[in-house]
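Okay, so here's the structure we're looking at.
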Amino acid sequence: MSEKHYAVHWQEEEYIYPPPSFVGQANLTDPSIFERFSLDNFPECFKEFADLLDWDQYWHTTLDTSDAPCWKWFVGGKLNASYNCVDRHLDKYKNKTAIHFVPEPEDEPIVHMTYQELYRRVNETAAVLRDFVGLKAGDRVTLHLPMTPELPITMLACARLGVIHSQVFAGFSGQACGERIWDSESRVLITIDGYYRSGKLLDHKVNGDQAVEVAKKLGQDVDKILVWRRYPGKYSSAAPMVEGRDYFMDDLVKQYRGKIVQPVSMPAEGILFLMYTSGSTGRPKGVQHSIGGYLSYVTWMSKNIQDIHPEDVYWCMADIGWITGHSFIVYGPLSAAASTVIFEGVPTYPDAGRVWRIAEELDVNIFHTSPTAIRQLRKAGPDEPAKYNYDFKHMTTVGEPIEPEVWRWYYNVVGKGRAAIVDTWWQTETGGFLCSTVPGLSPMKPGSAGPGVPGIHPVIFDDEGNEIKPGEGKAGNVCIRNPWPGQMQTIWKDRDRYVSTYYGKYNKDPNSKDWRDWPYMAGDAAVMSSDGYVRILGRVDDVINVAGHRLGTKEIESAALTVEEVAEAAVIAAKDEIKGTVPDLYVSLKPGYEASQELAVKISQAVSTVVGKIARPRSVHIVPDMPKTRSGKIMRRILASISNRGDVGDVTSLANPDVVEQIRRQVQS
Ligand code: 6R9
């Protein structure tokens, strides 16, 4: 991306108003909403969120701050997430499609699973987990599943029992999965034999076996691996099934066919799931989400920001292995009784028309994806959308900043100028949206996420904790003034890390029980315009956003250091036309070793093996030495300027200034 291209971000864009046809049917058009959700009405305003759910026992306290900053929402309430996403819709919608499953091979029929069918499958899966495996409320289970209906079915079966699921993105390596099994102390892994991606049936069970080995070495034994089969009855993996440990799920569920499992009534503050995400240190953190607060939050957002009505066909093209999929493929849309699409494969395979063909065939009217996917689709087939007869009323972008020109292609070509767009800024930790326009109420501004959603009050602080006023044009750390129900409860088994990561910088009184003393720091840099719209600039910590996915630089660097020859490793974010940014890896070698192409490949493969293919560096630069400060810190900023062909600035104060020019010549030649 050229500097000029980047500079577009800094221009104030014009408003674009949502089409009247959209506004006319929108769920939320009452402008008093912002007044109702002002800080004066905090926290009681969130009652409206909780009231979208069915409670077994109504709650008595909206927000309990006694263990600040671990906030407790809807205390005293009891409910079940699986009941809210499935059972409660049966009266009205049992014959309506809950899940459309689009397999990658186009000759394989699309599956249209009704709510009744989903109910049956969730129940029989829950029966296996409870009666065959012996799982009970509070136990953790690791899921390592790709995009097939078995993933939401398994999640909902866990939720039915109060079992905490920890789904690890299928594209992560066995090693990465093993570390997460260990951290969450799961005794059960649920996986699948294989799945399709770009024309290939990938062997996935091998990853599961590796994960279990890694977990064992770390000290966590897994008693059972439950294996769904992509084609029931037909095993497609090369990995052997280990007697007494590995079981085929499609065989087990047959034994429980028709079995009804009563949903376990769970406290609102029970744990629904863990989702591991990258942070500033090497170890990924287990972000812990509640049942009542989280589910009420994603339900309200699905209804009012995604504008989902039960008659809509809603397609979020994310992977359920990320938070976007948990919140906005599974829990939010199903709680709102939508028909949700699950798509196996990648957007541009077998051709650039695939996505729009599916939209036409399923009559999708709400579409949700990332800037990376939009850039890919625009590059591969800029004129494809016009060839298909679909009609989106609403579209979402999420995961990374979107360039205004990419936004305009999304709006004009994909949305055919007829859809409202929301650019939703949020995080794994936040459960649901933080900033976004309300689609039926507020104008859109390309490249800007928008103001806080109702109930969220963003503020930008400088490094000293002074507020940067809207319209000042200065960037700072974006924070949220108040807690909200969708917010994480803590980091699994690591409250200290939770407090220091999100509150360490701006909390002044660690003993305070007043929520006003605890602004939540998101870890992103942002600018707020005078209208309160927030434009996100990117991460301020050691996290790289690759194609909308968070990767920790420390995780990639530790992976590189597993290679015998490597002495030091530094990863930086290099700008990329399609993926936003990609990792570029710099390494120096131990004495006595020589740089070679083979060694570069070996280091790159080590990153794939330890973290996963998505973390594979764009290039591995084996350099004579790292640029370092006199105190020995690697200057990643200088390496980033070299990769991005920017100005390295003044390097004279470094311990080894000469190496900068050597590296620049090597990398830029
Ligand atoms: C939902 C999700 C979170 C990080 C976040 C920020 C970036 C997300 C964005 C965005 C600009 C948006 N991010 N949405 N940046 N505009 N609309 O992506 O969660 O995987 O935890 O990533 O992604 O940097 O801090 P997660």
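Only this structure's heavy atoms are used, side chains among them; waters, hydrogens and symmetry mates stay out. Just follow the structure's listing: the first ligand is 1, and inside any ligand the first atom is 1.
- Ring-plane geometry between His368 and Phe328 is classed as tilted, the angle between the planes lying from 30 to 60 degrees on a 0 to 90 degree scale.
- Among the candidates His289, His326, His144, the single residue satisfying the ring-ring contact (aromatic ring centres under 6.0 Å, His included) test with His165 is His326.
- Within 4.0 Å of ligand 1, counting heavy atoms only, the contacting residues are Ile323, Thr324, Val398, Gly399, Glu400, Pro401, Asp423, Thr424, Trp425, Trp426, Gln427, Thr428, Asp524, Ile536, Arg539, Asn545, Arg550.
- Gly399 and Asn545 make their closest contact through O-ND2, 2.8 Å (heavy atoms, listed as atom of the first residue, atom of the second, distance).
- Cation-pi geometry between Arg375 and Tyr410 is not met: the NZ or CZ atom fails to fall both under 6.0 Å from the ring centre and inside 45° of the normal.
- In this view, Lys579 satisfies the salt bridge (charged side-chain N to carboxylate O under 4.0 Å, His left out) rule with no residue, not counting sequence neighbours.
- Ring geometry for Tyr331 versus Tyr294: interplanar angle over 60°, hence perpendicular rather than tilted (30 to 60°).
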